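Single-structure report; data block below.
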Number of protein chains: 2
Amino acid sequence: MARRNDHSRDEIREMALAAAEKLVSAQGAKGLSARKVAAAIGYTVGTLYLVFDNLDDLILQINARTLDRLHDRMLEELARHKDPMERLLQLGHTYISFADEETHHWELVFEHRLPEGQQPPEWFREKVARMFSLVETSLEPLATTRSPDEIKQAAAALWSGVHGICILAISKQLDVAGVDSVQDLTHSLMSNYLRGFVGSNR
Amino acid sequence: MARRNDHSRDEIREMALAAAEKLVSAQGAKGLSARKVAAAIGYTVGTLYLVFDNLDDLILQINARTLDRLHDRMLEELARHKDPMERLLQLGHTYISFADEETHHWELVFEHRLPEGQQPPEWFREKVARMFSLVETSLEPLATTRSPDEIKQAAAALWSGVHGICILAISKQLDVAGVDSVQDLTHSLMSNYLRGFVGSNR
DNA sequence: ACCTGAACACCGTTCAAGT
DNA sequence: ACCTGAACACCGTTCAAGT
């Protein structure tokens, strides 16, 4: 058998990504395999390799779409609030909520590892950087006395913190630590850090 | 072939764990497989299943040993300092250094996922809880006006933050965010948070 | 030109059968 | 009693050959 031409390259690509996302959201990273994706779209495994370099490439494409959804949510949230402090806090809550709602997708973004020594492509790194920028610009009006470099550092610290809460919450390790509300914890982390950061000059 | 009796059950167990740890530290989680471990110790794959429930069980045992090493390092660090603030800050740096030195082992602890719906056994959760306790008790003398519950929450927030920095640093996502020193970032996170937490009453 | 089918080199896990 | 060897049901990736 061979030659079908039912779908264009782009259509196959889109079908494959949709099928893969369905597998991931239902069963997580372990539930994803090239063979299952191929079966789900009615093509042979070989066909996937005409459209993606390999499974890592496919995963990178899924992750790009996840990061886009997350970024959209954060932008919407920023549009909803005017008070600078409120904006920043809501950004944190949006991040946590997203991780909670799309747990498997969120995990795939941050826990997928490329083969030893390989770096994600530039366009992917850009999507991560964009998220940090959002935090930075939201932080600026709250710390007008600080240098751009200090703000960059603070945004990174703040976002690492929120990210860490997400990770530990998802892997259920915060229950162990006796935390009952993840959103309260996030609020505590952000507001205390900000009080420390804004309130003094060293 | 069959029956060799060269090694006791416990010896096989120890040999397997050592071989597995060697694989992980050299190549990360992806480099680990039951077949490779068996080959490395000169037994058949089947033999591994006489000593471990399955690969997840083997990984849990490796992770337990990693958590023990980390805990030891943290205890040593606490013994080296008297000033409460210094103790807490050094705890953070120790955590980061450990993750930096034993990256693959550290990743295996926090990124290995049990099959959907399965929880780590109680003895494992205990080892994680023990780490949070260390932070809690180090935090206490710095915030004498706070309730035990507030201190618990603060320890969780603080440790989530340090943990988040570790994760992002290991996955190289902090370079993207324009951070040059991970230890500086950790210091900034902890000291600003503590200033906020200690300095005020709400 | 487009896709398949089969191959290759791997997996985790089980268990009847050999010594 | 202890361990093997072979089987089963999966993997990712490649590529000659069919239409």
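Remember, predicted model here, so these are calculated numbers, not experimental data. Numbered from 1 within each chain, the chains take letters A, B, ... in sequence-line order.
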Check your understanding: Can you check the A:R13 CZ to C:dC3 P distance for me, whole Å?
Key -> 16 Å

Study note, to complete from the structure: Checking D:dC3, C:dC11, D:dG12 against the side chain of B:I12 (C-beta onward), the nearest is D:dC3

Point to revise | Within 6.0 angstrom of B:K127 NZ, more than 12 heavy atoms from elsewhere | key: yes

Practice item. Send over the distance from B:D6 CG to C:dT19 C1', rounded to a whole Å. Key: 14 Å

Practice item. For the pair A:R130 and A:D68, find out whether any cationic side-chain nitrogen is under 4.0 Å from an anionic carboxylate oxygen. Key: yes

**Study point:** Test item: side-chain donor near acceptor, A:D149 and A:Q153, under 3.5 Å
**Key:** no

Review point. Between the side chains of B:Q119 and B:R125, does any donor sit under 3.5 Å from an acceptor?
Key: yes

Exercise for review: To the nearest Å, give me how far apart CG (A:L32) and P (D:dT13) are.
Suggested key: 11 Å

Review point. Is the shortest distance from a Lys or Arg side-chain nitrogen in B:E76 or B:R69 to a carboxylate oxygen in the other one below 4.0 Å?
Key: no

Practice item. Using Watson-Crick or G-U wobble pairs with both distances under 3.5 Å, give me DNA chain D in dot-bracket, 5' to 3', with [ ] for crossers and | for pairs to another strand. Key: ||.|||||...|||||.||

**Study point:** Nearest-Å distance for atom pair CZ/P, residues A:R4 and D:dG18
**Key:** 19 Å

Check your understanding: So, A:R113 and B:E107, do they make that salt bridge, N to O below 4.0 Å?
Key -> yes

Practice item. Measure from CG on B:L23 to P on C:dG12 and round the result to the nearest Å. Key: 11 Å

Point to revise | Atom pair distance, as rounded to whole Å: NZ in A:K36 and C1' in D:dA9 | key: 12 Å

Check your understanding: Does any N or O in the side chain of B:T47 come within less than 3.5 Å of the main-chain N or O of B:Y43, such that one atom is a donor and the other an acceptor?
Key -> no

Review point. Salt bridge or not for A:R73 and A:E101, using N-O below 4.0 Å?
Key: yes

Review point. Within the structure, does a side-chain N or O atom of B:R9 lie under 4.0 Å from either OP1 or OP2 of D:dC3?
Key: yes

Practice item. Can you tell me, in whole Å, how much space there is between the C1' of C:dA9 and that of D:dC10? Key: 14 Å

Exercise for review: Classify the side-chain pair A:Y193/B:S188 by whether it contains a donor and acceptor separated by less than 3.5 Å.
Suggested key: yes

Exercise for review: Compare side-chain N and O positions of A:R35 against OP1 and OP2 of D:dG12 and report whether any pair is under 4.0 Å apart.
Suggested key: no

Check your understanding: With a 4.0 Å cut-off on heavy atoms, is B:K30 in touch with a base, just the backbone sugar-phosphate, or nothing at all?
Key -> nothing

Practice item. Could you walk me through whether A:H187 and A:Q183 pass side-chain hydrogen bond (donor to acceptor under 3.5 Å, both in side chains), step by step? Key: CA-CA 6 Å; A:H187 187 274; A:Q183 293 288 15; over 6 Å; no

Point to revise | Contact list for DNA chain C against residues 48-57 of chain B - heavy-atom distance below 4.0 Å | key: B:Y49, B:N54, B:L55

Exercise for review: Could you check which residues of residues 37-47 of chain B get a heavy atom under 4.0 Å from DNA chain D? Sort them by number, please.
Suggested key: B:Y43, B:T44, B:G46, B:T47

Check your understanding: What is the ring orientation for A:H163 with A:F110, classed by angle as parallel under 30°, tilted 30 to 60°, or perpendicular over 60°?
Key -> perpendicular

Review point. Does the side chain of B:H105 come under 3.5 Å of the side chain of B:N63 through a donor N or O and an acceptor N or O?
Key: no

Point to revise | Nearest-angstrom distance from the residue atom CG of A:N5 to P of C:dT4 | key: 11 Å

